[in-house]
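We name chains A, B, ... by the order of the sequence lines, and we start the count at 1 in each one.
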Amino acid sequence: MALPRSFKKALWVFHVATGSCNGCDIEIIAALTPRYDAERFGIMLTGTPRHADVLLVTGPVTKPMLPRLKRIYDQTPDPKAVIVVGGCGCTGGVFYESYNVVGPVDEVIPVDIYVPGCPCRPEAIIDGVVKAVTKLETLEKAGVSG
Amino acid sequence: MNPEQILSSFREALGEKVLEDRTIERSVGVLKSKPVYDIWLVVGRDDFHDVVAHLCAKFDPHLSVISGEEIGNDVALNYHFSTGWGEHYGEATFTIRTLVPIDDRRLPSICDLLPGAQTSEREKREFFGLEIEGIPDDRNIFLPEGSTLHPWSKEDDGGTSKELKRLVKWEARDE
Amino acid sequence: MNNQSIKLEVGGSTACYTVPVGPVHPALKEPIRFHFDLDGEQIVGVDIKPGFAHRGIEYMGMRRNLIQTLYLSERICGICSISHPLAFTQAVENAAGIAVPPRAQYIRTIIGELERIHSHILWAGVGAHELGFDTLLHLTWNVREKCMDLLEELTGNRVDYAIPIFGGVRRDIPAEKAPLAVEALGYYKGLLDQLVDTFLHDKSIEMRTRGIGALTYDQAVELCAVGPVTRAAGVPKDVRQDMPYLAYADMDIKAITPRDLGVEPTGDVYDNIIVRLLEVAQSIEIIEFCLENLPEGEITSIPKVPALLAALKNAEGEGIGRHEAPRGEVIHYVRLVEGQDEMAAWKVKAPTYSNLMSWVPKFLGDEVADIPIIAASIDPCMCCMDRVHIADETGTTSEKTKAELVRLSREKTRRICG
């Protein structure tokens, strides 16, 4: 059986926390370590958005993180996919009525994949990243290049 | 040292400066019941530094945090100390409350006595718009640099309540 | 971020430059940006700016009823996701005078200690990663999953267990689940010697952590440091020992310092590792005691939520709740006013809040390559060193990524190992 197109290259992921509680962030690391071992699919965390195919955003966006999140989004080369991990990043969740929270991530940057859960299970995070592969393939077919 | 000894040391050294004191005994344990103590003290703003100085000189306190709330015409600040750490059942919480008038929000810093108080003092400074005299660093700590909000102040919140809007529009979203 | 202050002594031989680290840093309320003043490789000054993930949780909590706030308190920190509710429920129970049934006290303790086990193992992995020892990161995190499985089995979730409620707990530990816990504890007991051996007797770990990020006894006391950070400096502060609560009150708990392993405390990273590993063993003992002595009876004193809300609405008073979280003392202060659904005042203090100041003496005098491990020695956070800009004395800026810092850290490991 031929490998599906989605496995033609390894996905590099940049993780940015915009005010999350660390719950999802720890589950992201758990997804990469041996029990779930996302690295066997070539999914790897990178240290800089400039090397990333996928942005993994956790948490509601706080006011000081707003300009930084936009900047990280701009620094990520096209084609790119944005995954929001966690209920508070998807909708704001329990964090509403605050003077320092701007809102959910999709009010700040365009979001492709939402992974709800408080916090999401590692399986759900891996599923989100796999969905991002499809998104990136669509973008590539449409001729968006980096 | 039991709470009564601690309190009598304060009464002896500071006399009238301690406006109010009370000790609350709580019982803990299921198999065997034992008491633990919460000590609460109320002191005036002018005597506050002296009281903390006595505490630091005699009892080697740990400062957990400073809590606060605006009640009526005052900002009530609670300094949550504890004394007697290091021994099994040796510790009691020791809360010193002082009132700062809302129209004259000045308070002496205790960083000269206990350097670890700085984080909490800076936080109360920005949350209530206090002026902490003698604080080594009076920049914002948790609020963004340059923010003039005072979120915990009811009288003068610096516009906090107007900031509660849930969403912002991303300027390039519809492009 | 690009306009960094450059201190250049004209005519002098030394030039100081500033390295900002951060701010993308997700730990609790304290995401950090550091500004390091460097003289060559040596750190001569540090400025810390937290607050990038400040969500104003206390402000939100003072606008919601207490049960809504309980959910919020669980989401202060995803690693200490039972520590904050434990301190919060105790504060409210002290303020409102609500009793907690004995069985509930023991169940709270069991979950709290399981959290300590997974948190300390998590930290050990992060520490290993920062030193460039990724094999150990994967080993420790694999071992940690056993604890996560047990927590999921007992509470229904891997994180955010939603166990404490005012006046008790929401879920019982039925008799048939107890053997699972016993089995998991046995698993960790068998592993402990191996973990201690890997971390404490590995030459490169010892060389990278001995004398790095030291904190003296006096500094720890003056700066009001808490948790393993202060115990590593030899200060025997531990809320479970000093002012017992819940099931800890029935046990004779002793604060663990490096002296328990015959090591004179210096507060360095190595001592931090000792304390955390020994505390895993202590937690296993505590859970075993709790399982053996688990009292029979109710798990909550006010089972109906409307009745609980009514009782809380009619309560008046103030209370303090403290808990020794994996990273140190958590304290919540609550004031309730009769006839009001929401709290009149709420103050939350997380352990890193207290340990913030102790970062300064820990960093001073050490090298750039030690930044990751010293930062991690206080707080188990992964993403603190996200992006670094270095402004050198000519004023040009170069970008240092987290990967670059880790590379520097690894190079140092190789260098000192020859």
Visitor: Look at A30(A), C24(A), C88(A) and state which one has the largest set of heavy-atom pairs under 4.5 Å with chain C.
Guide: A30(A)
Visitor: Quick check on L32(A) against chain C: is it the side chain, the backbone, both or neither that has a heavy atom closer than 4.5 Å?
Guide: backbone
Visitor: So is R64(C) actually on top of Y96(A)'s ring, under 6.0 Å and inside 45° of the axis?
Guide: yes
Visitor: With salt bridge (charged side-chain N to carboxylate O under 4.0 Å, His left out) as the criterion, how do E183(C) and K146(C) come out once you've worked through the C-alpha distance, each side chain's angles and the decisive distance to 0.1 Å?
Guide: CA-CA 10 Å; E183(C) 193 246 312; K146(C) 186 89 182 168; 2.9 Å; yes
Visitor: Quick one: sort the W346(C) and F88(C) rings into parallel, tilted or perpendicular, breaks at 30° and 60°.
Guide: tilted
Visitor: Decide if the gap between the ring center of H54(C) and the ring center of Y99(A) is smaller than 6.0 angstrom.
Guide: yes
Visitor: Counting only heavy atoms closer than 4.5 Å, note whether R75(C) contacts chain A via side chain, backbone, both or neither.
Guide: both
